[in-house]
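Owing to the predicted nature of the structure, the values given are computational and were not obtained by experimental measurement.
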Amino acid sequence: MPENKRSIIVLISGNGTNLQALIDNCKSGKIPGKITHVISSSAKAYGLERASKADIPTTVHRLYTYYKGIPREDKKNRAKARAKFDKDLSTLILNKLGKPDLIVCAGWMLILSSEFLKPMEAADVPIINLHPALPGAFEGTHAIERSWDAGQKGIVNKGGCMIHYVIEQVDRGKPLIVKEIPVIKGETVDDFEARIHAQEHVAIVEGTVEVLEGLNAQEK
């Protein structure tokens, strides 16, 4: 694949506005790569429609199908099912879709375990993730709501988002891009979220460009 067409696989779970930012910037040439496949954890994700409109192949990889028939209280077998879900995801990407140059988690709402991360590390495939909070703050789910609440209570005076490398520790990987926004007292959570999303659309493009340009530089 030519230098300006590095292959990117994007993982999504929802609406796909950050996926759209990636699609648009690949098309414009700002991102030196091409999205070769989009994988969604939900069959209802609108991001699948965005990919389809851009003629990008898609796959739905649902955790629900792995948990089906296993009671919630059966933690042992649910853990086995989850490990198989992640292992199968790695096999799908490396063996069926073709090893990409980069994996971008753009609103992927599931934790990626070692069953997925170790094969990717062995294959030397970098993985980056978008997280709607600043480094070291509000890791995990509902980060925007938690960040907004802390801001309104005066616990923090800024929020933001980051692009970071994915490691086993959730949202603890090395940050690549960090965007900060100030707390506005009395602001609604919806308005705060809108400001975060606006920064996300910029950060995810910048992070993707940084990694791909780094890969290109290594080969020169």
Taking ILVMFWY side chains as joined if any heavy atoms are under 4.5 angstrom apart, and letting links pass through other members, which residues group with L134?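 M162, V178, listed by chain and number.
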When you look at [atom1] of [X], are more than 12 heavy atoms from neighbouring residues, nucleotides or ligands closer to it than 6.0 Å?
{"X": "D124", "atom1": "CG", "result": "no"}
{"X": "K75", "atom1": "NZ", "result": "no"}
{"X": "R82", "atom1": "CZ", "result": "yes"}
{"X": "E139", "atom1": "CD", "result": "yes"}
{"X": "I111", "atom1": "CD1", "result": "no"}

Pairs under 3.5 angstrom only: tabulate donor-acceptor contacts from the side chains of residues 186-193 to other protein residues two or more places apart or in another chain.
residue, atom, partner, partner atom, Å
E187, OE1, R195, NH2, 2.8
E187, OE2, R195, NE, 2.9
T188, OG1, D191, N, 3.1
T188, OG1, D191, OD2, 3.4
E193, OE2, H197, NE2, 3.1

Between N25 and S28, which heavy-atom pair has the shortest distance, and what is it?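 Closest approach of N25 to S28: O-OG, 3.2 Å.
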Once you round to the nearest 0.5 Å, how far does CD1 of I35 lie from CG of L102?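 Taking CD1 in I35 and CG in L102, the distance rounds to 10.0 Å.
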Out of curiosity, N157 CG to K185 NZ, how far, rounded to the nearest 0.5 Å?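 Answer rounded to 0.5 Å: 9.5 Å.
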Kindly indicate whether the side chain of [X], heavy atoms from C-beta on, has any atom under 4.5 Å from the side chain of [Y].
{"X": "R6", "Y": "P32", "answer": "no"}
{"X": "C105", "Y": "L112", "answer": "yes"}
{"X": "R50", "Y": "N15", "answer": "yes"}
{"X": "I127", "Y": "F116", "answer": "yes"}
{"X": "L212", "Y": "L215", "answer": "yes"}

Taking [Y] as the starting point, is it possible to reach [X] by hopping between hydrophobic residues whose side chains are less than 4.5 Å apart?
{"X": "I163", "Y": "Y165", "answer": "yes"}
{"X": "I128", "Y": "I9", "answer": "no"}
{"X": "V156", "Y": "I196", "answer": "no"}
{"X": "V38", "Y": "L130", "answer": "yes"}
{"X": "I12", "Y": "I8", "answer": "yes"}

Would you say S7 and T36 are linked by a side-chain donor-acceptor pair, where the criterion is simply a distance under 3.5 Å?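 Short answer, no.
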Is a donor from one side chain sitting under 3.5 angstrom from an acceptor on the other, for H201 and T17?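 Yes, T17 and H201 have a side-chain donor paired with an acceptor closer than 3.5 Å.
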Lys/Arg N to Asp/Glu carboxylate O, R78 vs D74, below 4.0 Å: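 Here R78 does not pair with D74 in a salt bridge, since their nearest N and O are not under 4.0 Å apart.
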Salt bridge or not for K179 and E200, using N-O below 4.0 Å?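 Judged by the 4.0 Å cut-off on N to carboxylate O distance, K179 and E200 do not form a salt bridge.
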Just grab all the ring pair (Phe, Tyr, Trp, His ring centres under 6.0 Å) pairs involving residues 78-104, residues at least two apart or on different chains.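 Qualifying pairs, neighbours excluded: H61-F85, Y66-F85.
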